[in-house]
Amino acid sequence: MRIALLEDELEQARNIQLILAEPGNRCDTFQTGQSFMSAVQHRSYDLLILDWQIPDMTGIDVLRSVRAQLNWPIPVVFLTQRDSEQDIVQALDAGADDYLAKPARPAELLARIKALVRRINPENEKELLNFGAFGIDTQQRTIKLNGEVLTLTDKDFDLALFLFQNQGRLLTREMLLERVWGVTRDINTRTVDTHMSRLRRRLGLNPENGYRIKTIYQRGYRLEAMLVSTPADPDRLEAH
């Protein structure tokens, strides 16, 4: 996973990074609320970990900004020295998904994160996924549109599955390259643009089928659900 950590104490931050990196996660650390919020708005993360006491604002303020500005329910964990019942209740009421007291215990932190992601994204563990007119079989690696199997390459399927599992979420080109292509170094991101354009056609992503891929200028892409209009019933029109 890609994790953003808000922690102003460098030694604490390094320890937490080491814990999170062990299972292969990528963790970016920020020491101020402003730098953290800027990164969260312009990059794509799977999980946020917040300290409460930071130099320029409180972790609660950061959490409220995240919930107000992001258009998808990113998991948020508080990891802080404040551990009173009142603090925990305040954080959970503000939108936190879990709350742990420092110092971080490696096994517990990783187990809590794993359980949280599983709870937030239960659809990701199912073999058969349904998204309106689209049906995805993750075992057979097929996608159907209105019951008809679509002709897709392996990369088309991987890209489509990742989009549907993260619908409503901004996905940067760099994140798509990392998650779908397995590329972590900088390469020409037109690879993503080319595949995305082709996928629009192959999946039939249009208002009639209920989904579209929206290009976010200079940032990436977002799969959006759309309202499907149904034709009016002429008999009902005549009756009224």
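One-based numbering along the sequence shown.
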Thr215 and Arg222: side-chain contact (heavy atoms from CB on, under 4.5 Å), yes or no, with the steps? CA-CA 7 Å; Thr215 303; Arg222 182 168 60 229; over 6 Å; no
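In terms of modelled atom types and a separation under 3.5 Å, the side chain of Ser65 and the main chain of Asp61 share a donor-acceptor contact. Between the side chain of Arg202 and the backbone N or O of Leu150 there is no donor-acceptor pair closer than 3.5 Å. Between the Arg82 side chain and the Asp87 main chain, no donor and acceptor come within less than 3.5 Å of each other. Between the Gln17 side chain and the Cys27 main chain, a donor and an acceptor come within less than 3.5 Å of each other. One N or O on the side chain of Asp56 and one on the backbone of Gly33 form a donor-acceptor pair closer than 3.5 Å.
Surrounding NZ of Lys155 are more than 12 heavy atoms belonging to other residues, nucleotides or ligands, all under 6.0 Å away. Heavy-atom contacts from other residues, nucleotides or ligands closer than 6.0 Å to CD of Gln69 number more than 12. At most 12 non-hydrogen atoms from other residues, nucleotides or ligands lie less than 6.0 angstrom from CD of Gln34. Dense packing is recorded around CD of Glu108, with more than 12 heavy atoms of other residues, nucleotides or ligands lying under 6.0 Å away. At most 12 heavy atoms of other shown residues, nucleotides or ligands fall within 6.0 angstrom of atom CZ in Arg105.
A 4.5 Å side-chain heavy-atom check between Phe78 and Leu63 finds at least one atom pair inside the cut-off. Leu47 is listed as a side-chain neighbour of Leu116, based on a closest heavy-atom distance under 4.5 Å. Inter-residue side-chain proximity for Leu20 and Leu110 is flagged as met; some heavy-atom pair is nearer than 4.5 Å. For the pair Met1 and Tyr45, the minimum side-chain heavy-atom distance is 4.5 Å or more. Using a 4.5 Å cut-off on side-chain heavy atoms (C-beta onward), Asp28 and Arg43 make contact. Looking only at side-chain heavy atoms (C-beta outward), Ile54 and Val62 come within less than 4.5 Å of each other. The side-chain heavy atoms of Gln165 and Ile136, taken from C-beta on, include no pair separated by under 4.5 Å. Between Leu161 and Arg141, the closest side-chain pair of non-hydrogen atoms is not below 4.5 Å.
Between atom CG of residue Leu163 and atom CD1 of residue Ile213 there is a gap of 5.0 Å, rounded to the nearest 0.5 Å. For the atom pair CG (Leu159) and CE (Met196), the distance works out to 4.5 Å, reported to the nearest 0.5 Å. Summarising the geometry, atom CG belonging to Asn146 is positioned 8.0 Å from atom CZ belonging to Phe134; distances are rounded to the nearest 0.5 Å. Atom CG of residue Asp51 and atom CD of residue Gln81 lie 7.5 Å apart, to the nearest 0.5 angstrom. Atom CZ in Phe157 sits 7.5 Å away from atom CG in Asp137 (nearest 0.5 Å). Here the straight-line distance linking atom NZ of Lys144 with atom CG of Asn130 works out to 10.5 Å at 0.5 Å rounding.
Under the salt bridge (charged side-chain N to carboxylate O under 4.0 Å, His left out) rule, Asp46 has a single partner from Arg26, Arg169, Lys114, which is Arg169.
The nearest pair of heavy atoms linking Ile49 to Phe36 is O-CE1, 4.4 Å. Minimum heavy-atom separation, Arg64 to Ala94: NE-CB, 4.2 Å. Residues Leu205 and Arg212 share a closest heavy-atom pair of CB-CA, 4.3 Å. Contact record, Gln31 with Ser35: N-OG, 4.1 Å, taken as the closest heavy-atom pair. Contact detail for Ile143 and Ala160: the closest heavy-atom pair is CD1-CB, 3.6 Å. Residue Leu176 comes nearest to Phe162 through the heavy atom pair CD2-CD2, 3.7 Å, listed as atom of the first residue, atom of the second, then distance.
In this structure, Leu177 is a member of the same hydrophobic cluster as Leu171, with clusters built from ILVMFWY side-chain heavy atoms closer than 4.5 Å. The hydrophobic clustering, which links ILVMFWY residues whose side-chain heavy atoms are closer than 4.5 Å, places Val89 and Leu79 apart. Taking hydrophobic clusters as Ile, Leu, Val, Met, Phe, Trp and Tyr residues chained together by side-chain heavy-atom distances below 4.5 Å, Met226 does not share a cluster with Ile216. Linking ILVMFWY side-chain heavy atoms closer than 4.5 Å, directly or via other members, places Leu18 and Ile3 in two distinct hydrophobic clusters. No single ILVMFWY cluster, assembled from side-chain heavy atoms under 4.5 Å apart, contains both Leu199 and Leu170.
With no hydrogens or angles considered, no side-chain donor-acceptor pair links Arg2 and Ser44 at under 3.5 Å. Side-chain atoms of Asp83 and Tyr99 include no donor-acceptor pair closer than 3.5 Å.
Ion pairing between a basic and an acidic side chain is recognised when a charged N comes within 4.0 Å of a carboxylate O; Glu7 and Lys102 show such pairing. Salt bridge absent: Asp97 and Arg112 never bring a charged side-chain N and a carboxylate O closer than 4.0 Å.
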